[in-house]
Trainee: 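Right, I'll just put the structure down here and ask away after.
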Protein chains: 2
Amino acid sequence: MDTETVVASRADALRELETEVGVLIRRIRRVIGERARAVHPDLLPASYLMLSYVRDHGPLRASAMCAVFDIDKGAISRQVQHLIDLGLVDREPDPEDGRATLLSASEDGVRRLEVVADQRRHQLDARLADWPADELHAFAGSLRRYNDALGIPADR
Amino acid sequence: MDTETVVASRADALRELETEVGVLIRRIRRVIGERARAVHPDLLPASYLMLSYVRDHGPLRASAMCAVFDIDKGAISRQVQHLIDLGLVDREPDPEDGRATLLSASEDGVRRLEVVADQRRHQLDARLADWPADELHAFAGSLRRYNDALGIPADR
DNA sequence: CACAGAAAGTTGCCGTCGTCAACCAATCGC
DNA sequence: GCGATTGGTTGACGACGGCAACTTTCTGTG
């Protein structure tokens, strides 16, 4: 391949990527919506992701999630409030910093997540059933790398 | 690896994927927003993706985009209207079907997309500069496969 | 010790986006 | 021809995130 062909195929790949990601964004929102509803009928999709993260990453403060999810603190605040209203997350003051609060999944939250995880494990998520674990890992790795790349602000 | 480990790592990979995709959703929106504004200061992010698609896939009807983008026809209608208001897309009645209209990128639309593409090509998109073309293709392929998997409705 | 500023959260306002549903017009099938 | 279907538009609504103003609680420097 000469240089021009390489450049052209790069451009193609990037355009392809844009369209695929665009579709992904909308589809994944629906899927996450389903999953959230499975956990709790009133659980909002965005909150579901945070609940899952809070469960896995122990007591943490909301500002930590701002960084992880790369999201505005106002948005976090609302989602967290929603989770607390539903009783899926507990909030307690941080003993080491009077400004901060620590979030952790409530018993009910953990239990509900487990129920859904079991359901999914048993039916092995019909949609992704034929993806081997290592390919899933590789894909997740690519996604993370892509996300990292996107995290770098454009230099213009 | 025994069976349980495989199952566990599958579950891990799926959770990992969820978080990554969640981050992706927000970041990509910002990036696409930047890109849209580079094309035209008033161009909305979602419309930018459609403009790009219309340019590449010739005159087509709005309903075709519903299928491609997996999106409600009402949403398509609004985005298309927006593109027409900005003069980036032309709409003409389909000679073969009085109900339908055919969309194509206007001269201005094509020109503006090219300007931005040139900019990006010359700076080779700083953020993804170190991704070789074949890896981009592989990633796009995984994304499409993932999208296809998500397109299958959950069987519950 | 005091005081400027930074950090943690909360809240209101706003823009983007997509779904749902009602609706109109044109076309297709029988 | 006439009912059903398809292409498209519009309005109402909800989810979501960004921005900015504001409160409270540190933190650091003089």
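Every chain is numbered from 1 and lettered A, B, ... according to where its sequence line falls, protein lines coming before strand lines. Small disclaimer: the values here were computed from a predicted structure and weren't measured. These values consider heavy atoms only, across backbone and side chains, with no hydrogens, waters or symmetry-generated copies.
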Trainee: Nearest-Å distance, CD (B:Glu34) to P (D:dG18)?
Mentor: 13 Å
Trainee: C:dT19 P sits how many Å from B:Phe69 CZ, rounded?
Mentor: 13 Å
Trainee: What nucleic acid atoms does A:Asp94 come within less than 4.0 Å of, heavy atoms only: base, sugar-phosphate, or nothing?
Mentor: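 Nothing, no nucleic acid heavy atom in range.
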Trainee: How long is the gap from CG on B:Leu103 to CG on B:Asp90, to the nearest 0.5 Å?
Mentor: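 It comes to 9.5 Å.
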Trainee: Under 4.5 Å between side-chain heavy atoms, hopping through other hydrophobics if needed: is there a path connecting A:Ile84 to A:Val110?
Mentor: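 Unlinked, A:Ile84 and A:Val110 end up in two clusters.
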Trainee: Roughly how far, to the nearest 0.5 Å, is CZ of B:Arg61 from CZ of B:Arg99?
Mentor: 7.5 Å
Trainee: Please report the interatomic distance CZ(A:Arg26) to CD1(B:Ile71), rounded to the nearest 0.5 Å.
Mentor: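 The CD1 atom of B:Ile71 is 4.0 Å from CZ of A:Arg26, to the nearest 0.5 Å.
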Trainee: Return the value, rounded to whole Å, for the distance between atom CG of B:Asp42 and atom P of C:dG15.
Mentor: 13 Å
Trainee: Given that B:Gly98 and A:Arg29 both sit by DNA chain C, which one's nearest nucleotide is further toward the 5' end?
Mentor: A:Arg29
Trainee: Once you round to the nearest 0.5 Å, how far does OG of B:Ser52 lie from CZ of B:Arg35?
Mentor: 9.5 Å
Trainee: To the nearest Å, give me how far apart CG (B:Leu44) and P (C:dG18) are.
Mentor: 10 Å
Trainee: Please state whether the phosphate of D:dA15, meaning OP1 or OP2, lies under 4.0 angstrom from any side-chain nitrogen or oxygen of A:Gln79.
Mentor: no
Trainee: Return yes if some donor-acceptor pair links the side-chain N/O of A:Ser106 with the main-chain N/O of A:Gly87 below 3.5 Å, else return no.
Mentor: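 Between the backbone of A:Gly87 and the side chain of A:Ser106 there is a qualifying donor-acceptor contact (under 3.5 Å).
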Trainee: Between B:Glu96 and B:Pro45, which residue's closest nucleotide on DNA chain C lies nearer the 5′ terminus?
Mentor: B:Pro45
Trainee: Grab the two heavy atoms, one from B:Leu113 and one from B:Arg55, that are nearest each other, plus how far apart they are.
Mentor: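 Where B:Leu113 meets B:Arg55 most closely, the heavy atoms are CB-NH1, 3.7 Å.
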Trainee: Polar pairs (N or O, both sides) under 3.5 Å between protein and nucleotides 8-12 of chain D?
Mentor:
{"unit_1": "D:dG8", "atom_1": "OP1", "unit_2": "B:Thr101", "atom_2": "N", "d": "3.0"}
{"unit_1": "D:dG8", "atom_1": "OP1", "unit_2": "B:Thr101", "atom_2": "O", "d": "3.2"}
{"unit_1": "D:dG8", "atom_1": "OP1", "unit_2": "B:Thr101", "atom_2": "OG1", "d": "3.2"}
{"unit_1": "D:dG8", "atom_1": "OP2", "unit_2": "B:Ala62", "atom_2": "N", "d": "3.4"}
{"unit_1": "D:dG8", "atom_1": "OP2", "unit_2": "B:Ser63", "atom_2": "N", "d": "2.7"}
{"unit_1": "D:dG8", "atom_1": "OP2", "unit_2": "B:Ser63", "atom_2": "OG", "d": "3.3"}
{"unit_1": "D:dG8", "atom_1": "N7", "unit_2": "B:Lys73", "atom_2": "NZ", "d": "3.1"}
{"unit_1": "D:dG8", "atom_1": "O6", "unit_2": "B:Lys73", "atom_2": "NZ", "d": "2.5"}
{"unit_1": "D:dT9", "atom_1": "OP1", "unit_2": "B:Arg91", "atom_2": "NH1", "d": "2.5"}
{"unit_1": "D:dT9", "atom_1": "OP2", "unit_2": "B:Ser77", "atom_2": "OG", "d": "2.7"}
{"unit_1": "D:dT9", "atom_1": "O5'", "unit_2": "B:Ser77", "atom_2": "OG", "d": "3.3"}
{"unit_1": "D:dG11", "atom_1": "N7", "unit_2": "B:Arg78", "atom_2": "NH1", "d": "3.2"}
{"unit_1": "D:dG11", "atom_1": "O6", "unit_2": "B:Arg78", "atom_2": "NH2", "d": "2.8"}

Trainee: Does C:dT19 have OP1 or OP2 under 4.0 Å away from a side-chain N or O of A:Arg30?
Mentor: yes
Trainee: Rounded to whole Å, how long is the line connecting atom CD1 of A:Ile71 with atom C1' of C:dG9?
Mentor: 15 Å
Trainee: Using the C1' atoms of five pairs at each end, what's the angle between the two axes of the helix from C:dC1-D:dG30 to C:dC30-D:dG1, to 10 degrees?
Mentor: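 The end-segment axes of the helix from C:dC1-D:dG30 to C:dC30-D:dG1 are tilted 20° relative to each other.
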Trainee: Whole angstroms only, please: what is the CD1-P distance between A:Ile84 and C:dG9?
Mentor: 11 Å
Trainee: For side-chain contact (heavy atoms from CB on, under 4.5 Å), just list the numbers for A:Leu49 and A:Gln79, CA-CA rounded to whole Å, side-chain angles, deciding distance to a tenth of an Å, and then say yes or no.
Mentor: CA-CA 10 Å; A:Leu49 291 180; A:Gln79 301 295 342; over 6 Å; no
Trainee: Look only at the side chain of B:His82 and the backbone of B:Asp42, and say whether a donor-acceptor pair between them is shorter than 3.5 Å.
Mentor: yes
Trainee: From CE of A:Met65 over to P of C:dA7, roughly how many Å is that when rounded to an integer?
Mentor: 20 Å
Trainee: In whole angstrom, give the distance that lies between atom CG of B:Asp85 and atom C1' of C:dT16.
Mentor: 16 Å
